[in-house]
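So you know, we letter chains A, B, ... as the sequences are listed, proteins then strands, and number each from 1.
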Protein chains: 2
Amino acid sequence: MNKVTAIDVRRYVVDLLMNGSLAANARLPTEREFSEATGASRRVVRQALSSIEAEGLIWRRQGKGTFAGQPLEPVSALAAEINQTAEPIEVMEARLCIEPEIAALCATRATSDEVARMWALARLHYDVEDDEVTELWDSALHRLIARCARNRPLQTAYTLLDDTRASRDWQGMRARTRSESSLRETMAQHIAIVRAIEAGDASAAREAMRDHLLTRINAMFQAAALAGTTAADSDITYDHEASHV
Amino acid sequence: MNKVTAIDVRRYVVDLLMNGSLAANARLPTEREFSEATGASRRVVRQALSSIEAEGLIWRRQGKGTFAGQPLEPVSALAAEINQTAEPIEVMEARLCIEPEIAALCATRATSDEVARMWALARLHYDVEDDEVTELWDSALHRLIARCARNRPLQTAYTLLDDTRASRDWQGMRARTRSESSLRETMAQHIAIVRAIEAGDASAAREAMRDHLLTRINAMFQAAALAGTTAADSDITYDHEASHV
DNA sequence: ACGGTGAACCAAAACATAATTGGTTCGCAA
DNA sequence: TTGCGAACCAATTATGTTTTGGTTCACCGT
């Protein structure tokens, strides 16, 4: 009797998350499929998945499935209709306004459980072969932080911005702005954000989030300048917001 | 041959709209039902309905039906959805996060025309008696500032928050928080905001907007304390946000 | 020849039904 | 007792049918 333990299944699933090619929707196989694939009983599979979910790497929904990252808020239909015409740079500017405040609120309200999940997402080492994957885990952390601000209107506003990332010409933008070094920088900034949140330091969280977003925005500007087609004056960095205090 | 003309059907439908106890956005009979009820051909019914629709009394949607009044805009629909679960204090907190940044952007982007319009709104002397009117002009100024930030996602987000004024227990809140002195204070703060925007001073505009919102929030807290029913600890002022450097 | 009628057809939205999926319980057996 | 499998439950999606406004067209009466 070759017993497959929850630890084994856990390793199997985490491997799939890190190395395997996730579907576009970040959807994982069903519990029954995992059970069949690993030879473990469904109970064991559920134990493994539950532990991974508690860590914050996946989320599950009855009738829907199991997914990598963090859940999207279900504003879907209306949000898509509203945000049809948003320019990427506009969206980033809006995020620069809202997300630092969200991080500040989050610092005063996140539970230790939630902070632990943030650490798991911030410290993730994944194969960076695919832009989609990078975006998946990045957005998961940001989404989790937004949720922990515990302010529904704000979260809805953030979701409005978050939804636009998935659509349209963001894809090409991502491919150009990502690099080995910028990835390392992003991870360092994520860690700084979570550290501030864990410390309950609202001001530090706000500033860390600002730094992070400013870095990303400037990367976008530089990518646009390299591409050359759009934005004639995009070689200037986005700093007129730095008059903050 | 007793022909029923479009005019006849029109009168029939308008009568239904006026006398009948139809709420706003109530559903009307289908075109086929109208046709059967009036004896007119469907074409005639459609002519009549089209004229009524052009007047703005009804709206139609393929597959959905014919409805009284004007269709709900998607943003308003989302706002209504939020209002079912969001507390007024949550909304004010969200505004406290977003609006100062909007004011800062506005200070760098508003044209002189727009500033002139802001002055007109800020200097308006309105009667304290009528809460509705007070709220209307206050909302108008804030919306104008949001528009001048020239960022559609941000403007949408603000509209989402501002729409909540129209609904539910916001009414009672208004009546309790408004007074002769608070009205004067509000006007002074409005003027300070517009002055900073006119000067192009982003930091000053941000701070002026913060002050204004904090004042309003504390007024709400005090009103809640007076009402006594809700929020046991509402006698403390809302200041844990004041750590803002 | 003209205009209206009724029927048929199209597309969008709602409604109803079946299938899928995570969550839960229970009997059975090692 | 513990763990497994099966069945069942509830939420969600997928699919098909019906309803409804929008459109086209052959036909009839004047």
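Here A:T215 pairs with A:E185, A:Q189 under the side-chain contact (heavy atoms from CB on, under 4.5 Å) rule; sequence neighbours left out. The salt bridge (charged side-chain N to carboxylate O under 4.0 Å, His left out) test applied to A:R60 returns A:E31, A:E53, not counting sequence neighbours. Applying the side chain to side chain donor-acceptor pair (under 3.5 Å) test to A:Y158 and every residue at least two apart in sequence or in another chain returns nothing. Under the side-chain contact (heavy atoms from CB on, under 4.5 Å) criterion, B:T159 pairs with B:V75, B:R143, B:Q155, B:D163, not counting sequence neighbours. With sequence neighbours left out, A:S112 forms a side-chain contact (heavy atoms from CB on, under 4.5 Å) with no residue at all. When the side-chain contact (heavy atoms from CB on, under 4.5 Å) test is applied to A:A94, the partners found at least two apart in sequence or on another chain are A:L161, B:N151, B:P153, B:L154.
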Sequence neighbours excluded and cut-off under 3.5 Å, please list the side-chain donor-acceptor pairs for residues 9-17 of chain A, or say none.
| from | atom 1 | to | atom 2 | distance (Å) |
| --- | --- | --- | --- | --- |
| A:R10 | NH1 | A:S51 | OG | 3.1 |
| A:R10 | NH1 | A:E55 | OE1 | 2.7 |
| A:R10 | NH2 | A:E55 | OE1 | 2.9 |
| A:R11 | NH2 | A:D8 | OD1 | 3.2 |

Which protein N or O atoms sit under 3.5 Å from an N or O of nucleotides 2-4 of chain C?
none

Close N or O pairs between protein and nucleotides 27-30 of chain D (under 3.5 Å):
none

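Sequence neighbours left out, the pairs with a member in residues 52-76 of chain B that pass ring-ring contact (aromatic ring centres under 6.0 Å, His included) are B:W59-B:F67.
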5' to 3', nucleotides 8-18 of chain D under a 4.0 Å protein heavy-atom cut-off (B base, S sugar-phosphate only, - none) gives B-BBBS-----
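Contacts between residues 5-16 of chain A and DNA chain D, defined by a heavy-atom separation under 4.0 Å, are absent.
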